Amino acid sequence: MRIPEKILKKVEKPGRYVGGEWGQVIKDKKDVNVRFAFCFPDTYEIGMSNLGVRILYDIMNKIPDVWCERAYAPWTDMEDYMRANDIPLWAIESSDELREFDIVGFTLQYELCYTSVLNMLNLAKIPLLSADRGADSPIVVCGGPCAYNAEPMADFVDIFIIGEGEYAMTDLIDEYRKYKSGMSKEDFLHEAAKIEGFYVPSMYTVEYNPDGTIKRYVPKYDDVPMKIKKRIVADMDKSPFPENLVMPYIETVQDRIVLEVYRGCIRGCRFCQAGMTYRPVREKTVETLNEQAKKLAENTGYDEITLSSLSISDYSCIDHLTDEMLKWTDDRKISLSLPSLRVNSFTKELMDKISTVRTGGITFAPEAGTQRLRDVINKNITKEELLRACHVAFAGGKTQVKLYFMQGLPTETDEDLDGILELSRDVIEEFYHTPERMKRTPQVTLSTACFIPKPFTPFQWEAQCDYDELIRRQRYVVSQNNDRRIKYNYHNAAVSRIEAVFARGDRKLCAVLSEAARRGMRLDSWEEFFDYEQWLDVFAAVGIDPAFYANREFGEDEWLPWDVIDVGVSKEFLLRERHNAHAGKTTVSCAEKCSGCGANKLGGECTWCPKTKDSN
């Protein structure tokens, strides 16, 4: 299928749709046995920046008889032309329609992308419901962070890949080849459900209690597992990582090399899903990272490298890594950047090495305004540590600091909200107490997000504040701030509420998403398209109360929608951490003491764990 040139001339950013980039993979169809369309349910600029897509695209295209292509959600101008001219959604590389592919895969990065997944299927003329797709339709597969609670999307997806996909994708391809040789779809899905890390919703029936909570999951066959264990890559040095990237013609969100340093996190922040689901901690060696960075720099010409992980300054060899990389990046005028810094591991030496830290503002995440609440969430940083880090930044020439906080955290009071502004004022005072400071007015920017209870965290049982209370807390901070040097930004509470509904939702929410798709809702992660009132109307139309999911405290003995998944971290550990939170007790990091979360049972020894170190 060729996209008409007259349409490309009429849409904003035609480079989103034409392909032809340097580094894209083109194969001869006669040599291809399995065609995979890797779909990102957002715009090209965002999808092209996703590291997971880059890794899996490279892995699948190295399989001789597999051709993996890309597809993205079209912007509304292109969608209007597609619908007006009856043009189905296509893949970038070949321009072939998605419905011609064997497998159509989506990465679920964010709950508010669900409507875009359904809209893309609709644009591709692929039936939305898995039950309506026969042998002539592609197999629809989903993975990514939101797959850890797959239930709100269960009716639409054939297979969810739980955990890390590097080796799971090759298993999927192997099983699909058998399907193509004459297996029925039912038998294919049955066999797929036996593979570690593959959750096939149609292989399970969900029974509910009279109060609407889940009673149990019943496997369709005796040989289908009761729990799906997530996949992990045990040895990150041996994990596939691309040496070449597809180079976009238009500006993307991250026009740079993203170097994955390690997976997991030694911290135990009780609100953080990624910190739990990516356990155990597995680091790459400095030698591997340096070699991967060199190859990508040579092959792409990028002039910036981001060292990426959940908490990059916790990498055990961060000084050695930056020293080794600076030996060649400085000569080539390649800058190093860090996406996140902890105040208790921020040093002048690190600031001097990292280009983006030298030239831009500095960002820290205290998360809560008082030490009491920081202990509740297990942030394990103090005001003194924050002020020390700010002192280092101010002495190094910084005048602007951004602080990230959450509002609506469990046990939060107005005193904790007052603490947000008090901490900001303390940072400003620290600026004036720094003799080496610049002779300019300091600026502190507060960015606050609403707390969202996420699956597989100690706070998964907690209720989110209701919408009116979230708004009240935001307005309270506004009313208390009378300092022009403190700028206060806050996230849309309505967006956070809908996100919480789908984060903790069950299969009954499939009806909500079906109704949203019928109404043409999509791109909900974009402020200009998100419509809270329309969402409330959709919930009312299907007879579902969003408060049941977002604003209800779940029972500790309740079967949770995601209890069919095993991420390694035990429910007993999460409960213990929840009780510690309400008692105001902190838990030390994995580097100091193993807290017995259970993640090591997955087979990847935590490189930070004292138990592992003692045995070596």
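Remember, it's a predicted structure, so these values are computed and weren't measured experimentally.
- Between E367 and R267 there is no salt bridge, since none of the side-chain N atoms of the basic residue sits less than 4.0 Å from a carboxylate O of the acidic one.
- Evaluation of the ring pair (Phe, Tyr, Trp, His ring centres under 6.0 Å) rule for F364 yields F346 as partners, not counting sequence neighbours.
- Looking at heavy atoms from C-beta onward, N50 lies out of side-chain contact with I46 at the 4.5 angstrom threshold.
- Counting heavy atoms from C-beta on, the side chains of I334 and Y302 never come closer than 4.5 Å.
- If you check the side chains of E499 and S496, you find no donor sitting under 3.5 Å from an acceptor.
- Screening residues 225-234 for side-chain hydrogen bond (donor to acceptor under 3.5 Å, both in side chains), with sequence neighbours left out, gives D171-R231.
- Formation of a donor-acceptor pair under 3.5 Å by the D426 side chain with backbone atoms of L387 is not found in this model.
- Judged purely by distance below 3.5 Å, without hydrogens or angles, the side chains of N344 and R388 never pair a donor atom with an acceptor atom.
- Using a 4.5 Å heavy-atom threshold, the side chains of D563 and Y217 count as separate.
- Between R270 and T587, the side chains place a donor N or O and an acceptor N or O closer than 3.5 Å (distance only, hydrogens not considered).
- Counted by atom type alone, Y199 and E151 present one or more donor-acceptor pairs between their side chains at under 3.5 Å.
- With hydrogens and angles ignored, the 3.5 Å screen pairs no side-chain donor or acceptor of S308 with any backbone N or O of V258.
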Check the pair F548, T213 against side chain to side chain contact (heavy atoms under 4.5 Å, CB included), reporting the backbone distance first and the verdict last.
-> CA-CA 9 Å; F548 181 81; T213 59; 4.2 Å; yes
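- In summary, the side chains of T370 and D416 do present a donor paired with an acceptor at a separation below 3.5 Å, with no hydrogens or angles considered.
- Within the 3.5 Å criterion, the main-chain N or O of E556 finds no donor-acceptor partner in the side chain of R578.
- In this structure a side-chain-to-backbone donor-acceptor pair under 3.5 Å is present from E412 to G408.
- R372 and E415 are not joined by a salt bridge, as no carboxylate oxygen comes within less than 4.0 angstrom of a charged side-chain nitrogen.
- Considering only heavy atoms from C-beta on, V206 stays 4.5 Å or farther from W559 through its side chain.
- For the residue pair N380 / S589, no side-chain donor-acceptor distance below 3.5 Å is found, with atom types taken as modelled.
- F198 has its side chain out of reach of I228: every pair of non-hydrogen atoms, C-beta onward, lies at least 4.5 Å apart.
- Residues passing the side-chain contact (heavy atoms from CB on, under 4.5 Å) test with A193 are V200, M203, V224, sequence neighbours excluded.
- Side-chain atoms of F40 and Q109, non-hydrogen and from C-beta on, do get closer than 4.5 Å to each other.
- P225 pairs by the side-chain contact (heavy atoms from CB on, under 4.5 Å) definition with Y204, not counting sequence neighbours.
- Salt bridge present: E111 and K454 bring a charged side-chain N and a carboxylate O closer than 4.0 Å.
- A side-chain N or O of S316 and one of E283 form a donor-acceptor pair less than 3.5 Å apart.
- A salt bridge links R473 with E469; the closest basic N to acidic carboxylate O contact falls under 4.0 Å.
- Of the possible polar contacts, none joining the N290 side chain to the V286 backbone as a donor-acceptor pair under 3.5 Å is found.
- Using a cutoff of 4.0 Å between basic side-chain nitrogens and carboxylate oxygens, R282 and E164 are scored as salt-bridged.
- A donor-acceptor pair is defined here as one N or O able to donate and one able to accept, closer than 3.5 Å; such a pair exists between the side chain of R504 and the backbone of Y549.
- Using a cutoff of 4.0 Å between basic side-chain nitrogens and carboxylate oxygens, R374 and E385 are not scored as salt-bridged.
- Y315 contributes a side-chain N or O that, together with a main-chain N or O of K284, makes up a donor-acceptor pair within less than 3.5 Å.
- L560 places a side-chain heavy atom less than 4.5 Å from the side chain of K571.
- Contact of the F241 side chain with the D58 side chain is not registered, since no non-hydrogen atoms from C-beta on lie closer than 4.5 Å.
- Remark: H491 pairs with no residue by the side-chain hydrogen bond (donor to acceptor under 3.5 Å, both in side chains) rule, at least two apart or across chains.
- Side-chain contact, T448 with Q407: a donor N or O sits under 3.5 Å from an acceptor N or O.
- With salt bridges taken as basic N to acidic carboxylate O contacts below 4.0 Å, none links D323 and K327.
- Under the rule for a side-chain contact (heavy atoms from CB on, under 4.5 Å), the partners of A493 that lie at least two apart in sequence or sit in another chain are C450, Y467, L470, I471, Q474.
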